[in-house]
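Within every chain, numbering begins at 1; the chains are lettered A, B, ... in the order of the sequence lines, protein sequences first and strands thereafter.
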Number of protein chains: 2
Amino acid sequence: MMRTPRPSRQSSQERQAGLIQAATTLFAKKGFNGTTTKEIARAAGISEALVFKHFPTKRALYAAILAEKVTVSELLSAIEESAKKRDDRRVFTLIASYRIRPGVDPTLLRLLLFSALEGHELSDMFFGKHHKVFYDHLAAYIQTRIEDGAFRRIDPLLAARAFIGMVVHHRLLHEIFGVPIDRPYEDTVSTYVDVFLNGLVATPPPGRTRKVRARI
Amino acid sequence: MMRTPRPSRQSSQERQAGLIQAATTLFAKKGFNGTTTKEIARAAGISEALVFKHFPTKRALYAAILAEKVTVSELLSAIEESAKKRDDRRVFTLIASYRIRPGVDPTLLRLLLFSALEGHELSDMFFGKHHKVFYDHLAAYIQTRIEDGAFRRIDPLLAARAFIGMVVHHRLLHEIFGVPIDRPYEDTVSTYVDVFLNGLVATPPPGRTRKVRARI
DNA sequence: TTCTGGTGAGTAAGTGATTACTTACCAGAA
DNA sequence: TTCTGGTAAGTAATCACTTACTCACCAGAA
């Protein structure tokens with residue numbers, strides 16, 4: 001009879017990191033209620049008891065995951081730089097690409113949705129760190145451009161939400177609802193940015209209902 | 001000692017309807033895994049055993065909910081009508097309003113997200129009936145308007161997704177993430193439609209990167 | 001009118017499996 | 001020898017689901 005093979009003895013920190021890693025994957029795939037501590041232990045290659053040596057409860061482990069820091073500082077500084085040059089296309093493309101580009105793993109998005117739906121206490125904070133940053137940055141930029149006279153007078157926060165909405169929705173369709181995406185992602189991003197910027201730039205205000213050559 | 005008060009004896013159909021109603025609310029609030037059959041029974045005012053007289057398993061009850069028909073035919077015919085008149089604003093406003101207007105209950109949206117995240121078998125069908133309809137209708141209309149020469153040449157499906165994305169994202173922020181919405185919904189819809197239509201109408205094609213008066 | 005047997009709505013009280021979490025213990029490096 | 005990383009084997013609670021029953025009602029036969 002084979003016993004469980006001797007597990008490599010690791011430092012507390014290493015274990016904790018591996019544990020969080022394994023748990024993140026599972027929570028993202030099946031949600032908090034859909035994931036058992038036994039599963040998590042097996043995925044991390046340890047006994048269930050050890051899970052509770054590291055985290056007092058399952059919720060505490062979940063909370064630790066949501067509370068983990070993320071750094072998007074490189075992206076934000078890139079945006080800042082393009083913003084100084086008033087390179088609208090690039091500012092919008094940077095934000096859109098960050099969310100659409102392939103290879104960006106769906107874990108965080110799923111985790112975010114699950115935590116919000118399941119009503120976890122820390123989901124607000126999670127949302128703030130992963131998403132609100134982008135709205136605020138983009139809204140601030142749009143505000144600036146309105147003051148420049150380059151964009152139409154529009155609620156900047158609403159506009160930022162609208163643009164990010166297009167992009168996030170695209171991801172949602174693809175990764176959560178399994179809608180196949182056939183065209184290369186650069187095309188998609190470019191199209192979104194085109195339409196949105198075109199709709200945003202200051203032009204002679206269009207008539208309320210502009211009907212164009214109805215041919216019936 | 002009070003016994004449980006005699007429950008009003010109902011017909012099988014009435015019970016089933018009430019059961020589905022109660023279960024829908026709970027599944028939408030806490031997801032499939034987060035809802036227990038005991039809770040459902042209590043919410044429906046019956047014993048747990050009776051739940052299983054109506055549905056063989058908890059999953060079957062869930063499936064029955066997802067499979068329930070929905071009719072959005074009035075909306076679709078209203079859209080059809082405006083489409084014939086080439087009333088762009090109204091077509092887009094109709095679709096947007098349908099999803100943003102207050103009082104539309106968040107149950108369906110939550111149910112949809114939960115079912116997709118939890119990977120339920122019927123979630124595809126659910127998505128198809130509640131959402132895909134809109135993309136397809138809007139995409140078809142956009143296609144028509146492109147052929148009219150009224151809209152820019154653009155992938156109609158992508159454009160439809162983009163617009164609906166803005167709107168759905170708005171709901172998502174509000175109802176799932178609890179972002180407060182301060183302005184009246186008509187304003188929001190109107191702004192979205194404005195920006196999007198403005199970005200869509202055929203104009204002298206803009207230069208690839210149109211930089212506008214950078215003043216630094 | 002009054003028995004009577006069938007039927008369908010309803011439940012109390014389980015069933016074993018699974019859940020999150022504990023206890024009591026061990027092996028080895030310092 | 002004393003921590004530290006580790007586990008096997010629990011525990012009470014809860015889960016989805018069953019079993020074995022009651023009760024109300026109704027259609028006829030007596």
Here the distance between atom C1' of D:dC15 and atom CD1 of B:Ile40, to the nearest Å, is 12 Å
Tell me the interatomic distance from A:Leu50, atom CG, to D:dA9, atom C1', rounded to whole angstroms. 16 Å
Suppose we call a contact any N or O donor and acceptor under 3.5 Å apart; does that hold for the side chain of B:Lys53 and the base of C:dT11? yes
Ring pair (Phe, Tyr, Trp, His ring centres under 6.0 Å) involving A:His130 - partner list, sequence neighbours excluded: A:Phe126
Sequence-distant partners of B:Asp124, side-chain hydrogen bond (donor to acceptor under 3.5 Å, both in side chains), two or more places apart: none
Return the value, rounded to whole Å, for the distance between atom CZ of A:Phe52 and atom P of D:dT11. 17 Å
May I have the list of side-chain donor-acceptor pairs in residues 104-117 of chain A shorter than 3.5 Å, sequence neighbours left out?
| from | atom 1 | to | atom 2 | distance (Å) |
| --- | --- | --- | --- | --- |
| A:Asp105 | OD2 | A:Thr107 | N | 3.2 |
| A:Asp105 | OD2 | A:Thr107 | OG1 | 2.2 |
| A:Arg110 | NE | A:Ala28 | O | 2.7 |
| A:Arg110 | NH2 | A:Lys29 | O | 3.0 |
| A:Arg110 | NH2 | B:Leu117 | O | 2.7 |
| A:Ser115 | OG | A:Leu111 | O | 3.2 |
| A:Ser115 | OG | A:Leu112 | O | 3.0 |

Could you state the atom-to-atom distance from CD of A:Gln10 to P of D:dT4 in whole Å? 17 Å
Return no unless some side-chain N or O of B:Arg15 is found under 4.0 Å from OP1 or OP2 of C:dG10. yes
Under the ring pair (Phe, Tyr, Trp, His ring centres under 6.0 Å) test, residues paired with A:His120 that sit two or more places apart: A:Tyr62
Quiz item: cation-pi between B:Lys132 and B:Phe127, 6.0 Å / 45°: no
By the side-chain hydrogen bond (donor to acceptor under 3.5 Å, both in side chains) test, which pairs, at least two apart or in different chains, include something from residues 167-179 of chain B? A:Tyr135-B:His169, B:His170-B:Tyr192, B:Arg171-B:Glu175
Would you mind reading off the distance between A:Glu14 atom CD and D:dG6 atom C1', rounded to a whole angstrom? 15 Å
Closest nucleotide among D:dT7, D:dG6, C:dC21 to the A:Thr57 side chain: C:dC21
If D:dA30 has a Watson-Crick or G-U wobble mate with both distances under 3.5 Å, name it; if not, just say none. C:dT1
Ring pair (Phe, Tyr, Trp, His ring centres under 6.0 Å) filter on B:Tyr98, not counting sequence neighbours, yields B:Phe134
Any side-chain hydrogen bond (donor to acceptor under 3.5 Å, both in side chains) pairs touching residues 178-188 of chain B, not counting sequence neighbours? A:Asp155-B:Arg183
Measure from CD on A:Gln16 to C1' on D:dT4 and round the result to the nearest Å. 15 Å
Would you mind building the protein contact string for nucleotides 13-19 of chain C? One character per nucleotide, 5' to 3', B for base within reach (heavy atoms under 4.0 Å), S for sugar-phosphate only, - for untouched. ------S
In this structure, how many angstroms lie between the C1' atom of C:dA20 and the CD atom of A:Glu39, rounded? 13 Å
Nearest-angstrom distance from the residue atom NE2 of A:His54 to P of C:dC21: 16 Å
Heavy atoms from other residues, nucleotides or ligands near CZ of B:Arg42 exceed 12 (cutoff 6.0 Å): no
Expected list for residues 23-34 of chain A near DNA chain C, using heavy atoms below 4.0 Å, is none
